[in-house]
2 protein chains.
Amino acid sequence: MKDGPDIAHIAALIGDPARANMLTALMGGMALTATELSAEAGVTKQTASSHLSKLESGGLLTIRKQGRHRYYQLADSDVASLLESLMGVAMRTGHMRNRPGPKDPALRHARVCYDHLAGDMGIRLYESLLSKGFVQERAGEPDLTEKGRAFVLSLGLPLDAMTNKRRPLCKACLDWSERRTHLAGSLGAALLDHIYAKEWAERRAGSREVVFTAKGQRAFETCFG
Amino acid sequence: MKDGPDIAHIAALIGDPARANMLTALMGGMALTATELSAEAGVTKQTASSHLSKLESGGLLTIRKQGRHRYYQLADSDVASLLESLMGVAMRTGHMRNRPGPKDPALRHARVCYDHLAGDMGIRLYESLLSKGFVQERAGEPDLTEKGRAFVLSLGLPLDAMTNKRRPLCKACLDWSERRTHLAGSLGAALLDHIYAKEWAERRAGSREVVFTAKGQRAFETCFG
DNA sequence: TTCATAGTTCGATCCTAGTCGAAACAATAA
DNA sequence: TTATTGTTTCGACTAGGATCGAACTATGAA
């Protein structure tokens, strides 16, 4: 009767507001220290420490000691996409943490989802790859075509290094603000790196927001319109 | 201060073991009653009722009233895929629950649903009536065709007595074990009576179980295969 | 009608788990 | 060494919520 994975334990870990705030902060992909996360969560350092050790032993976070700091980050992209799923359901069921503020439209336009591009721009990127035949969906999962491989190489991206990893090259990730799919996986990450490298856009400090320059926006349209 | 969807609320809903058991039982789309779900969760009906109302107002479940039963099911496939994500992460992080108990395959095979046949056999009966053109679905509700009326009469069933009642002749009923539709209404009841009368099967005392004899199983196949 | 079953609401109890103060531990800098 | 900062451990307090018994409503059956 009671078999299979224990989802209650994992969900309970995410279900505490303080921990949820920490995890949301880590969706930006950057590793954060315990003190930074305590501020994000709005609790004292002691409390944050307790939460972080639970998240770590629960397998949701990994820890990297560096000097006297401890950098925490999401364990892997599966955890990130789980959180993204949660955001999608939470938003559709009308559970927002506050009324839409000024930061909200910016986040909807372009933001980081772990290590790849999400929001409207992320959707457009993915749709473009699909419509140009660079990526095909097979059984719901995206896959790079031959034509797509050539395109990726033409951008100067290290395709071999990407395909050798255990991480899938292409993965579909559900976008909570748009309710549509954008591209995750190592290709998704590489494309976001490309956008940074070309200086089309940059991260806004302390936020998941990705700010495109006017020139970068045009270049993006040219390349992925 | 915090923007974005409130994932903590949704995760906390899933994070209670009793609720998680209910949701797990509802995976796959089949609808269950409150009492059945209380048994799945291992709590009393009162407790289950409290949990279910929370899940419903949280947008994770929908209710479908049918007679004095309330069938609960997952709100949509997004919720299902969220649970699937959770299972994936729980599995990878080694959080399994192991409490094997007696499940009842006999009930899934054939049981009484009020007064008509449900379970796998009930599904097969209904599918047979559909494929032979005896019953047609119109606007989601089944209806007996002319050909079907002749068939019912050929079985020696009192069609007139059935049609005169206030109760509808044919009605679709949701099957919890198969997540599909089987036939209710006075025709559904009459067909189960027919099965009893022909001694193809009988009720097991004190249970909803319907036990087919070997000969009865064959006769059923011949008539409704 | 009366009885039985499905499900909810109320009230009380109990217990987990989040929280913080204080102190200890760890690692760097001067 | 001492001082400072980052982080964890311990202990105690407390609120929220899971739970169940009892009473209640609603629907269907006899």
Side-chain angles (χ1 to χ4, degrees), chain A residues 8-23 31-58 61-73, chain B residues 8-23 31-58 61-73 111-116 118 165-168 171 173-174 176 184-186 188-189 192-193 203 206-208:
Chain A
H9 183 227
I10 299 294
L13 283 176
I14 310 175
D16 177 76
R19 287 195 291 260
N21 284 341
M22 294 175 172
L23 291 168
L32 299 175
T33 66
T35 304
E36 286 168 334
L37 286 168
S38 74
E40 283 287 341
V43 294
T44 61
K45 296 176 201 177
Q46 309 94 286
T47 305
S49 175
S50 159
H51 287 312
L52 288 169
S53 72
K54 280 172 187 158
L55 288 172
E56 197 267 337
S57 65
L61 297 185
T62 56
I63 187 171
R64 208 174 63 215
K65 295 189 186 181
Q66 208 166 73
R68 57 183 163 181
H69 295 270
R70 296 196 160 190
Y71 284 96
Y72 288 90
Q73 58 188 107
Chain B
H9 183 230
I10 300 293
L13 282 177
I14 311 176
D16 177 77
R19 287 194 291 261
N21 283 340
M22 294 176 171
L23 291 169
L32 299 177
T33 67
T35 303
E36 287 164 337
L37 285 167
S38 73
E40 284 287 341
V43 295
T44 59
K45 292 188 233 179
Q46 307 94 286
T47 305
S49 176
S50 159
H51 286 312
L52 289 169
S53 72
K54 279 172 186 154
L55 288 172
E56 197 268 337
S57 64
L61 297 184
T62 56
I63 308 185
R64 209 171 115 181
K65 292 190 187 183
Q66 205 166 62
R68 57 182 167 180
H69 295 269
R70 294 194 162 188
Y71 282 94
Y72 289 89
Q73 55 189 143
R111 69 179 178 280
V112 168
C113 178
Y114 305 125
D115 57 2
H116 54 270
K165 287 186 182 173
R166 278 174 306 178
R167 184 179 186 190
K171 205 177 163 201
C173 184
L174 193 61
W176 65 259
S186 52
L192 180 58
D193 284 341
R203 283 287 296 274
S207 163
R208 296 172 63 189

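Side chains included, hydrogens not; waters and symmetry mates left out as well; all remaining heavy atoms used.
Rounded to whole Å, the distance from NZ on B/K65 to C1' on C/dT5 is 16 Å. One can place NE2 of A/H69 at 17 Å from P of D/dT4, the figure rounded to the nearest angstrom. Between the CG atom of A/L61 and the P atom of D/dT7 there is a distance of 14 Å, rounded to whole Å. At whole-Å resolution of the value, CE in B/M22 and P in D/dA18 are 11 Å apart. Taking atom CG on B/N21 and atom C1' on D/dT19, their separation rounds to 15 Å, with Å as the unit. With rounding to whole Å, B/K45 atom NZ is found 15 Å from C/dT9 atom P. Distance CG (A/L52) to P (D/dT9): 12 Å, rounded to an integer number of Å. Straight-line distance from the CG atom of B/L55 to the P atom of C/dT8: 12 Å, rounded to whole Å.
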Canonical and wobble pairing (Watson-Crick, G-U, under 3.5 Å) of DNA chain D, dot-bracket with |: ||||||||||||||||||||||||||||||

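Here A/S53 lies out of heavy-atom contact (under 4.0 Å) with every strand. If you check every strand for non-hydrogen atoms under 4.0 Å, A/Y72 touches sugar and phosphate atoms only.
In terms of heavy-atom proximity, B/L13 sits nearest to B/R19 at O-NE, 2.6 Å. Closest approach of A/A8 to B/A20, counting heavy atoms only: CB-CB, 3.5 Å. The shortest non-hydrogen separation linking B/I63 to B/R70 is CG2-CB, 4.1 Å. The minimum heavy-atom distance between A/K45 and A/T35, with the atom names listed, is CE-CG2, 4.0 Å.
For D/dT7, the OP1/OP2 oxygens have a side-chain nitrogen or oxygen of A/T35 closer than 4.0 Å. Applying the 4.0 Å criterion to OP1 and OP2 of D/dA26, one finds that B/R70 has every side-chain N and O outside that range.
Between B/H51 and B/T47 the shortest side-chain heavy-atom distance falls below 4.5 Å. Contact check for A/I10 versus B/I14: no side-chain heavy atoms found under the 4.5 Å cut-off. Residues B/Y71 and B/T33 form a side-chain contact, since some pair of their non-hydrogen atoms from C-beta on lies under 4.5 Å apart.
Side-chain N or O atoms of B/S57 include one that pairs as donor or acceptor with a backbone N or O of B/S53 at under 3.5 Å.
Separation of atoms CG (B/L32) and OG (B/S38) is listed at 10.5 Å; rounding is to 0.5 Å.
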Starting at the 5' end of nucleotides 17-30 of chain C, put B wherever the base has a protein heavy atom under 4.0 Å, S where only the sugar-phosphate does, and a dash everywhere else. -SSBBB----BB--

